[in-house]
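Here is the structure we will look at.
In the text below, chain A, chain B and the rest are named by the order of the sequence lines, each starting its count at 1. The structure presented is a predicted model; accordingly, all values stated were derived computationally and were not measured.
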Number of protein chains: 2
Amino acid sequence: MSAVESGAGEWTERQRDVLDAALRLIVEGRPLTMTSLASAASCSKETIYKWFGDRAGLLTATVRHQASRVRGTPLPEGRATRDALEASLHRFAVEWLTVLGGQTSVALNRLAVAHAGTDRAADLGAIVLNNGPLAMEARLVPMLEAGRLAGILDFDAGDAETAARSFFGLVVRDVQIRLLLGDPLSLSPAEIERDAGRATRQFFTLFAGGQHRSTGGDS
Amino acid sequence: MSAVESGAGEWTERQRDVLDAALRLIVEGRPLTMTSLASAASCSKETIYKWFGDRAGLLTATVRHQASRVRGTPLPEGRATRDALEASLHRFAVEWLTVLGGQTSVALNRLAVAHAGTDRAADLGAIVLNNGPLAMEARLVPMLEAGRLAGILDFDAGDAETAARSFFGLVVRDVQIRLLLGDPLSLSPAEIERDAGRATRQFFTLFAGGQHRSTGGDS
DNA sequence: AAACAACCGTACCGTACGTTACGGTACGGC
DNA sequence: GCCGTACCGTAACGTACGGTACGGTTGTTT
């Protein structure tokens, strides 16, 4: 409880080293115990407890630490044209699939999913959620809304979130859950490129302006 | 090692009671320890070990036990018409979202995801995978292929799996991962019905025969 | 009735791990 | 030189839990 407690502040370089070591243990599948972390980071357990309080605090700090550097590349906010929007969506999909397929994402999502079922204290699930699907939506919605206002996309006002979630589905499909369940999925850059292209094309088929009725209606 | 060992066989009614008790513990978020299970199921730990070998065996038996009764409703294999196929896909989507949103599915997927990261012995991930996304695909592909042969759907031969996974994405979107991460998503029957309808309509927009070029090509 | 099997309940063992305590070292301030 | 602070390394404590052993009860067979 020196400089930061649980919220926004940053960590010392040395503290960040320890968090990176914890991350490395998680990603490499080795058990993350206080002893193993102390050994891996060449620090003492007492120090870890002093810095992070307890194991839950350590885990949240680790997840936050990783989340703090996954901010995607800022999207170019130029004049919206069909080609520019398509390129942005494509790049977005590539970036997203690349992140999802990475060892770090898989490991952290596993950790968060596991703890979402048991613990009540450490809200790892909420952290990952906010830096995962919800962050993607938050970045996507303004793009789609701009596309709608420019007449490139066609969906009802206020349905940008729905469209964003459909795009998510077209991009991710069953890839993430299969990876989390241990499916040895490959996801080479070439495949990611191809899948991103397919998803983007499908998205424009669904939501391109002026080609068909809105898909947001009820049955 | 009386009647069954680890593979296909069934369990005694009493044994199934124990597995159900284990399932109940998992679903209700209470810790599943051998002692707690013995207490909850009113049986002795020694009996549990005799029946299921060890904890890993118990978990796999539990997951298998649940998986053995989630077989979806058999799809009507009549003459393929556009309306019949749409109705089948719609029903499929409703069923799938209902299962995914259930406490049991969330709890078991969490368990399997957690173990996919650590254990090497118990392949819970593989079991859930085979009874989850892969089972859905296996049921979906013949339907889509029949639709393609009847001229209702349009995708390249052999791309039924790709189409099925796109359908999966349109139906599930980010719902499953958000649920697994603890997002308090509601998923009322009305919402499921609406989402299934939207996904089915979107799928036909993408893959209806003779309306546009195939979307399966490369860039 | 005796023998046996299946099972329950519980005491017990070994170990892994979170957490704490403590001795030892390096360093800046006075 | 001395004190306080920060840290390392490690021993020690308490607990939870997987796994085992054993006595007691019930039901079945001979």
Side-chain angles (χ1 to χ4, degrees), chain A residues 1-6 9-26 28-63 111 114-115 117-122 124, chain B residues 1-6 9-26 28-63 111 114-115 117-122 124:
Chain A
M1 44 191 85
S2 56
V4 273
E5 189 129 39
S6 70
E10 280 300 325
W11 302 104
T12 308
E13 183 177 344
R14 178 74 179 116
Q15 289 168 333
R16 269 181 274 130
D17 288 345
V18 173
L19 293 180
D20 281 332
L23 212 48
R24 216 173 307 124
L25 287 179
I26 295 174
E28 293 173 4
R30 284 181 289 176
L32 173 56
T33 70
M34 307 305 273
T35 306
S36 71
L37 176 59
S39 167
S42 294
C43 70
S44 91
K45 289 207 282 183
E46 188 173 18
T47 302
I48 299 178
Y49 280 100
K50 186 178 188 178
W51 286 344
F52 308 109
D54 57 2
R55 193 182 134 91
L58 170 70
L59 291 183
T60 54
T62 305
V63 172
L111 187 70
H115 278 253
T118 61
D119 284 4
R120 297 290 160 249
L124 301 184
Chain B
M1 45 192 84
S2 54
V4 272
E5 189 131 38
S6 68
E10 280 300 324
W11 302 103
T12 307
E13 183 178 343
R14 177 75 178 115
Q15 289 168 333
R16 268 180 276 131
D17 287 346
V18 174
L19 293 179
D20 282 331
L23 213 48
R24 216 172 307 126
L25 287 179
I26 296 173
E28 293 172 3
R30 284 181 289 175
L32 173 57
T33 71
M34 306 307 271
T35 305
S36 71
L37 176 60
S39 167
S42 293
C43 69
S44 90
K45 281 167 60 170
E46 190 173 20
T47 303
I48 298 178
Y49 280 101
K50 186 177 187 179
W51 286 345
F52 307 109
D54 57 0
R55 192 184 136 92
L58 169 71
L59 291 183
T60 54
T62 304
V63 173
L111 186 69
H115 277 252
T118 61
D119 286 3
R120 295 290 161 248
L124 299 186

Applying salt bridge (charged side-chain N to carboxylate O under 4.0 Å, His left out), can you list everything that pairs with Asp20(B), at least two apart in sequence or on another chain?
Arg69(B)
If the condition is side-chain contact (heavy atoms from CB on, under 4.5 Å), which residues does [X] pass it with, not counting sequence neighbours?
| X | result |
| --- | --- |
| Ala21(A) | Arg24(A), Leu37(A), Ala41(A) |
| Ala38(A) | Lys45(A), Ile48(A) |
| Ser39(A) | none |

Which letter, B, S or -, goes with each nucleotide of nucleotides 14-26 of chain C from 5' to 3', with contact meaning a protein heavy atom under 4.0 Å?
---SSBBBB----
Is there a side-chain polar atom (N or O) of Trp51(A) under 4.0 Å from OP1 or OP2 of dA6(D)?
no
Using ring-ring contact (aromatic ring centres under 6.0 Å, His included) as the criterion, list what pairs up with Phe52(B), not counting sequence neighbours.
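Phe52(B) satisfies ring-ring contact (aromatic ring centres under 6.0 Å, His included) with Trp11(B) once adjacent residues are dropped.
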